[in-house]
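Just so you know, these numbers come straight off a predicted model, no measurement behind them. Just so it is clear: chains get the letters A, B, ... in the order the sequence lines come, proteins before strands, and each one is counted from 1. Computed from heavy atoms alone, side chains included, the values below leave out hydrogens, waters and symmetry copies.
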Amino acid sequence: MPGPPKKRQKRDEKQDGDMPQKKYYRQRAHANPFSDHDLTYPESPDVMDWSQHYPAFVEQSGNTSIDKDRKSEDQNDASPPKMSKQIEIADIGCGFGGLLFALAPKLPDTLILGLEIRTSVTEFVQEKAKALRSQNAAAGLYNNISCIRANAMKFLPNFFHKAQLSKIFLCFPDPHFKARKHKQRIVSTSLNSEYAFVMKPGGKVYTITDVEDLHLWMVEHFEAHSSFERVNDDEVEGDVCVEVMKTETEEGKKVERNDGTKYVAVFRRLKDPPWP
Amino acid sequence: MNHPFQLVEIAKPPAAQRDHPGYLLAACGSKLLSTCLATGNVVSEWTADVGSGQVAVSNDTESTHVGGSERPAKKQKTGNASLATAPNVIKLAISPNHQHAVAVTDDKCVRVFEIHAEGKLLELSQRTMPKRPCAVQVLPDNATIICGDKFGDVYSLPLLLELKAIEDDSPMGSTESHPPQQEASTPFKPSASMQTVHTKRNRKALEAQLKQKNLTPKSKAPLQFDHKVLLGHVSMLTDVAYASREVDGKQRGYIITADRDEHIRISRAPPQSHVIEGYCLGHREFVSKVCVIPGTDLLVSGGGDDWLGIWQWPAFKLLARFDQMRALLHDLIAKTNGSNVEDQGNDKEPIEQIAVSGIWIVPATGQDGTSKEHAVIVACEKVPALFYCPVSKLLEQDAPWNLRQFRYPILDITSVGTTTLVSLDVRGEEQQRIVAYRLKMQSSGGTDFQCDEETNAKLMGLDCVPSDIVDAKGLEDLLYGAASLRKRGHQDEDVAEEAG
């Protein structure tokens with residue numbers, strides 16, 4: 001087994017502040033979302049500790065050190081450090097994080113989180129964020145992005161509160177070409193209910209793919225869902241996030257190189273209907 | 001060897017006399033028996049037929065395609081098994097007005113029965129679901145079945161089929177409610193193109209696909225009956241419950257679903273079941289059962305954790321936890337080992353892990369002997385004991401939970417009047433398989449299980465009905481499924497890898 005250990009070694013040789021190299025973090029592009037991965041996730045969003053991910057946004061209080069001492073004594077009752085901001089944008093299946101790194105300087109006051117199911121790819125994004133933070137320490141950039149390893153199809157409500165997010169990105173998701181695998185697609189009637197749950201009314205879901213069939217599938221399922229409406233073309237054209245999504249995502253660049261077509265669709269989270 | 005009764009329910013058909021105590025419906029393997037609790041006579045005996053409706057049809061088509069290049073159906077086992085032996089009854093529910101019973105058999109078939117005034121059961125319909133249901137309930141409208149399956153989908157079905165649908169199998173009624181993924185057979189067109197696949201091998205595969213002109217559509221035939229997908233979990237679904245509460249003078253309905261990934265989800269009832277209201281989060285292991293306490297906003301949940309949760313479900317808030325399950329079980333084991341030295345080391349091994357298999361609300365009488373109360377009863381898989389606590393004391397600081405020992409593990413519980421019927425995993429001839437008790441509150445705060453001899457006498461007849469052939473391995477699978485919901489830690493996987 002010459003492969004993995006060598007890669008691991010190369011990763012470790014990197015100096016602090018250096019950019020990680022993608023070739024040492026490659027991982028098979030598919031994961032079975034139905035199997036039990038050895039995932040760690042909080043039992044509820046209330047107990048999730050975001051302070052490691054966004055240290056610049058931890059709420060400053062006078063006696064933090066005392067708080068910390070107390071925490072180590074009885075861990076069960078301790079609530080995580082308070083954050084001055086909540087995550088508002090989630091990039092589901094962020095891959096190597098192209099979108100995160102492009103959006104970070106454009107929305108420096110908004111916390112953005114990438115969710116990725118592949119371990120080493122998650123590590124890469126975290127390392128790159130760290131490196132970019134230290135390189136841009138003076139400007140204070142890239143403090144607003146981070147990445148976690150998670151299965152968003154199962155555990156979204158473990159990370160986010162009801163109506164917490166204003167944007168969700170689903171960029172170049174696994175197309176799962178075979179009909180038998182369609183239930184593994186990231187967009188489905190039942191999953192859309194979960195996206196609606198964690199989103200603010202008025203929030204937007206951004207989708208992009210180079211597979212027309214998948215594009216039609218996503219449009220069909222979001223339009224059929226009573227919690228979403230499709231955003232019209234004019235509004236999509238004027239949206240900065242759409243431009244970033246088209247040009248800055250890793251897959252977006254790859255499609256560009258291969259002369260592929262990019263299909264974009266954006267959907268707005270509607271208010272819940274009044275009870276009948 | 002006897003086959004224990006895996007499911008028990010009480011039916012009191014409205015047409016029966018007012019003071020009639022009702023009928024006990026008990027499932028024994030593939031049989032469903034109805035016993036009159038007034039006379040003790042077994043009034044009806046129904047056996048699930050071998051290979052019903054759509055299952056038989058799908059087997060036929062499979063055999064004709066044997067020569068084809070089609071990928072073999074993944075779950076052929078269930079189809080073949082149902083040909084050999086009659087399917088077992090795995091779920092049983094009674095409509096709120098007690099006019100109908102719904103039984104699910106392990107051939108994925110939902111069967112609706114009419115309950116006659118004299119307790120007889122008449123099978124009205126069979127509907128084969130795409131996946132094996134794991135929970136079934138009839139809504140308070142007495143017209144809708146909700147049915148959840150392991151794959152995470154919750155469906156609603158009309159309780160009674162419309163005449164039109166029976167006469168001609170026209171799929172008209174179902175076209176509207178089909179999930180969009182079930183499309184009619186269209187000519188094959190690969191969704192990948194030369195632009196979307198880039199590696200050499202993938203491109204070759206695509207070319208091969210394009211050459212192979214029209215593949216037979218692999219998706220299964222759409223369901224031939226009216227149904228709606230209400231909601232879905234990606235995680236494995238374990239239980240479904242309906243709850244309602246009054247807000248601003250109007251009743252609001254909710255569907256509560258539990259899954260293997262520790263979630264308890266509260267959704268609106270149809271027609272707004274796409275709206276998720278919230279989650280009751282806090283379990284660390286799978287949730288296998290949720291039980292709404294009628295007349296309150298409380299929900300009791302249990303599963304692979306060694307505690308039970310008592311939630312104020314409309315606020316998604318954990319109000320109390322009963323943490324002493326393990327402690328009470330250890331006390332009980334210590335006590336029995338101490339008093340009964342001969343039994344030691346036989347079948348009394350310490351409880352390693354807890355898997356809640358049932359939560360029920362049953363009637364109890366107060367200390368004065370007349371006042372009415374209710375108690376929560378909880379069974380754990382393969383544990384010959386029941387946890388119980390009066391509903392009114394659930395939220396007290398030290399809620400008076402107790403453990404009552406039995407000689408056999410508990411399979412199912414139902415209640416009628418002030419009597420609680422407990423179905424035990426008795427496989428020999430030495431004891432009645434269903435035993436009746438009355439629960440009486442003690443002044444100490446505890447509750448007493450007193451044998452209800454009168455009802456017990458009526459249950460004798462059930463034991464005379466010849467039992468199904470018992471296949472020990474199959475029986476274990478039928479009766480005990482909760483423990484297997486526990487996720488294997490990755491340590492286990494490491495061991496497995498080393499071994500392989």
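Within the 4.5 angstrom heavy-atom criterion, no atom of A:Gln184 approaches chain B. Residue contact with chain B, scored on non-hydrogen atoms closer than 4.5 Å, is absent for A:Leu216. Residue A:Asn258 touches chain B through both its backbone and its side chain, counting heavy-atom pairs closer than 4.5 Å. Of the two parts of A:His225, only the side chain, counted from C-beta on, holds a non-hydrogen atom closer than 4.5 Å to a non-hydrogen atom of chain B.
Taking chain B as the reference chain and counting heavy-atom pairs below 4.5 Å, the highest number among A:Gly260, A:Ala196, A:Pro42, A:Pro276 is found for A:Pro276. Interface summary for chain A: among B:Lys250, B:His233, B:Glu262, the most heavy-atom pairs under 4.5 angstrom belong to B:Glu262. For the options A:Phe197, A:Tyr41, A:Trp275, heavy-atom pairs under 4.5 Å to chain B are most numerous at A:Trp275. Contact tally against chain B (heavy-atom pairs below 4.5 Å) for A:Pro45, A:Ser227, A:Pro273: the top residue is A:Pro273. Ranked by heavy-atom pairs under 4.5 Å with chain B, the list A:Asp210, A:Leu214, A:Asn192 is led by A:Asp210. For the set B:Glu277, B:Arg265, B:His283, the count of heavy-atom pairs under 4.5 angstrom toward chain A peaks at B:Glu277.
Applying side chain to side chain contact (heavy atoms under 4.5 Å, CB included) to A:Trp50 and the options A:Gln86, A:Lys82, A:Met83 leaves one that passes, A:Met83.
Ion pair A:Arg185/A:Asp213 flagged as a salt bridge, since at least one NZ, NE, NH1 or NH2 atom sits closer than 4.0 Å to an Asp/Glu carboxylate oxygen.
Scanning both residues, A:Ser190 and B:Leu231, for their nearest heavy atoms gives CB-C, 4.3 Å.
A donor atom on one side chain and an acceptor atom on the other are found under 3.5 Å apart for A:Glu88 and A:Ser166.
Note: A:Phe267 and A:Phe228 fail the aromatic proximity criterion, with ring centroids not under 6.0 Å apart.
Residue-environment remark: NZ (A:Lys22) exceeds the threshold of 12 foreign heavy atoms within 6.0 Å.
Interatomic distance, CZ of B:Arg260 versus OG1 of B:Thr238, reported as 10.5 Å (0.5 Å rounding).
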